[in-house]
Structure formats: C-alpha cells, structure tokens
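Structure record follows, encoded as structure tokens.
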Amino acid sequence: MTFIFDHPLIKDKLTRMRKKETESTKFRDNLKEITQLMAYEVTKNFTLDRIEIETPITKMLGYKLKEKIVLIPILRAGLGMVDGLKDLIPTASIGHIGIYRDESTSKPEEYYCKMPQNLKNGNAIILDPMLATGGSASKAIEIIKKYEPKSISLICLVAAPEGLKVIESNHKDVNIYIAQLDEKLNDKFYIVPGLGDAGDRIFGTK
C-alpha cells in the first residue's frame, strides 16, 4: 500500500523546509512536526489489547498497544525523524541501519546495523526523509525482513517516482507513506524539486 498525504499542515510545513534559506533549527522542527502528523495514518491499524485500569472515579476497560513498535532510521538523515515519533510512542524501541553506495558497483552496502530483540513479530517503521533511487530503502527493508517483523512501514517526506517504483516492485508487502511525490530525479540522482541534502540540512554540515 502506498499512501500520499494531502493535508494543509503538511503542505505548509514541507514548503518551509524546501526553501533554501531555511536554517537547520527550523528545518529540524518542521521535519519533526510533519513526522508526527504522518504518524496518525501510519499507526491507525495497529492492534490493541483491552486492559483494566482504575480512574479516580471507577474501574474501567482501556486500551494498550498490543505489538511492540520499533523505529528504524536510515543513517544519518532518518535520525531527524525519530524524536517526532518517540514523543508520540514513548514505549517504542529504536534500531539503526547505516547504508552507503559503493562507488565501484553503485550498489547500496550495509555498514552498520543494530536492532532491538523485540523487532521479531513487532511493527517496524523505517524513517528516511528522502526516497530518491530507492536503493538504500530497499536494502534496509531486505535487512529488516530477516528479523521477521509483523509489519514494515516506510515513512518518507519526499519521493521521486523512480524510487517509489523500486519499493513498490521489490517489496509489495511494505506500507509506504509519503508527504509529497516529487517530479523526478536529476542526472546527479537528486530529487527535483526536493529538499537538497536532508542530512546536511538537518545537522548543519553544509
């Protein structure tokens, strides 16, 4: 399933992020807020357990998330999306995946992977602001599938049609959530109109 958001708040905040003069602090703030707005759609089908609690007035049956949730940012830009979801789901665990593109083969290669034990049968949420060629996201999904999660969701702010097609073709069982589908990739594999280098803009490294 692919879900492309059409929400006024997301469009407003994403436009602020796109502006080249937007400083890192504002860029990070808007990234966090968009991630939180997207989270409600991403998590709407997660299952619940009924639990008995006691309010100041009486006992009642309430709800508790049933499966574990694991947030998995793709390093490094995905780190900018973690806090937004962690604020909403404080019980979520966090894994990390580092992937780089081999210059000689142009293939994505894993250089770091650390996952919590509860990923098995849990709900994995992969975080990456940009879905360009789809190579890094596809590699991350392949790695995560080895841990046998119950479900895998991929959250991206902006995506190129080329990258979206790769994920939809290679991983039909993954739910994809995109704030905006952009026009294309340019000859340097940057998304057009895009955000620029999300990692550099998040961390102020350029």
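Basis for what follows: all heavy atoms, side chains included, without hydrogens, waters or symmetry-related copies.
A pairwise comparison of heavy atoms in F5 and I10 identifies CD2-CD1, 3.7 Å as the closest pair. Listed here is the closest heavy atom pair of I74 and S136: CD1-O, 4.2 Å. Across all their heavy atoms, T205 and G199 have their closest contact at OG1-O, 4.2 Å. What you find for I178 and Q180 is that their closest heavy atoms are CG2-O, 3.2 Å. Closest non-hydrogen pair, A77 versus A198, comes out as CB-CB, 4.2 Å.
With contacts defined as side-chain heavy-atom distances shorter than 4.5 Å, the pair V174/M1 does not qualify. Between Y112 and I99, the closest side-chain pair of non-hydrogen atoms is not below 4.5 Å. Using a 4.5 Å cut-off on side-chain heavy atoms (C-beta onward), I202 and L31 make contact. Looking only at side-chain heavy atoms (C-beta outward), I94 and V82 come within less than 4.5 Å of each other. Annotation: side chain of L48 is in contact with side chain of L65 (closest heavy-atom distance under 4.5 Å). The shortest side-chain heavy-atom distance between N118 and V70 falls under the 4.5 Å cut-off. Contact of the R201 side chain with the F27 side chain is registered, since non-hydrogen atoms from C-beta on lie closer than 4.5 Å. Between R18 and D182, some side-chain heavy-atom pair lies under the 4.5 Å cut-off.
Under the 4.5 Å side-chain heavy-atom criterion for grouping Ile, Leu, Val, Met, Phe, Trp and Tyr, I191 is not connected to I126 through any hydrophobic cluster. Cluster membership check: I176 shares its hydrophobic cluster with I72, using side-chain heavy-atom separations under 4.5 Å among Ile, Leu, Val, Met, Phe, Trp and Tyr. Residue L79 is grouped with residue I69 when hydrophobic side chains (ILVMFWY) are merged at heavy-atom distances under 4.5 angstrom, including chains of intermediate members. Note: the hydrophobic cluster containing V42 does not contain I141 (ILVMFWY, side chain heavy atoms under 4.5 Å, direct or indirect links). In the hydrophobic cluster analysis, where Ile, Leu, Val, Met, Phe, Trp and Tyr join through side-chain heavy atoms closer than 4.5 angstrom, I4 is grouped apart from I34.
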Report, one line per pair, each donor and acceptor closer than 3.5 Å where one atom sits in a side chain of residues 84-91; sequence neighbours left out.
unit_1	atom_1	unit_2	atom_2	d
K86	NZ	P90	O	3.0
K86	NZ	A92	O	2.3
D87	OD2	K32	NZ	2.9

Show me the side-chain donor-acceptor pairs of residues 149-164 shorter than 3.5 Å, one per line, residues at least two apart or across chains.
unit_1	atom_1	unit_2	atom_2	d
K150	NZ	E67	OE1	3.4
K150	NZ	E67	OE2	2.8
S151	OG	N123	OD1	2.6
E162	OE2	L185	N	3.3

With side-chain contact (heavy atoms from CB on, under 4.5 Å) as the criterion, how do K120 and Y147 come out once you've worked through the C-alpha distance, each side chain's angles and the decisive distance to 0.1 Å? CA-CA 5 Å; K120 183 178 176 66; Y147 292 84; 5.7 Å; no

Go through the steps for I143 and I97 under the test side-chain contact (heavy atoms from CB on, under 4.5 Å), then give the verdict. CA-CA 9 Å; I143 294 167; I97 289 181; 4.3 Å; yes

Mind running side-chain contact (heavy atoms from CB on, under 4.5 Å) on M81 and L71 for me, showing each step along the way? CA-CA 9 Å; M81 304 174 73; L71 312 178; over 6 Å; no

In sequence, state the C-alpha distance, the side-chain angles, and the governing distance for H96 and C113, and then conclude on side-chain contact (heavy atoms from CB on, under 4.5 Å). CA-CA 6 Å; H96 296 86; C113 181; over 6 Å; no

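To the nearest 0.5 Å, the span separating NZ on K146 from CG on L119 amounts to 13.0 Å. The CG atom of L75 lies 4.5 Å from the OH atom of Y111; values are rounded to the nearest 0.5 Å. Annotation: the span from Y190 atom OH to T133 atom OG1 amounts to 12.5 Å, rounded to 0.5 Å. Rounding to the nearest 0.5 Å places CG of N121 at 11.0 Å from NZ of K66. Between L9 atom CG and Q36 atom CD the span is 12.0 Å, to the nearest 0.5 Å. The distance from atom CZ of F189 to atom CE of M130, rounded to the nearest 0.5 Å, is 14.5 Å.
For K44, the salt bridge (charged side-chain N to carboxylate O under 4.0 Å, His left out) criterion is met by E41, not counting sequence neighbours.
The salt bridge (Lys or Arg N to Asp or Glu O under 4.0 Å) contacts involving residues 6-17 comprise D6-K11, D12-R16, K13-E33, where partners must be two or more places apart or lie in separate chains. The side chain to side chain donor-acceptor pair (under 3.5 Å) pairs that include a residue from residues 51-62 number zero, where partners must be two or more places apart or lie in different chains. Residues in residues 165-181 take part in these salt bridge (Lys or Arg N to Asp or Glu O under 4.0 Å) pairs, two or more places apart or across chains: K145-D173.
Ion pair D128/R76 not flagged as a salt bridge, since none of the NZ, NE, NH1 or NH2 atoms sits closer than 4.0 Å to an Asp/Glu carboxylate oxygen.
T22 contributes a side-chain N or O that, together with a main-chain N or O of K19, makes up a donor-acceptor pair within less than 3.5 Å.
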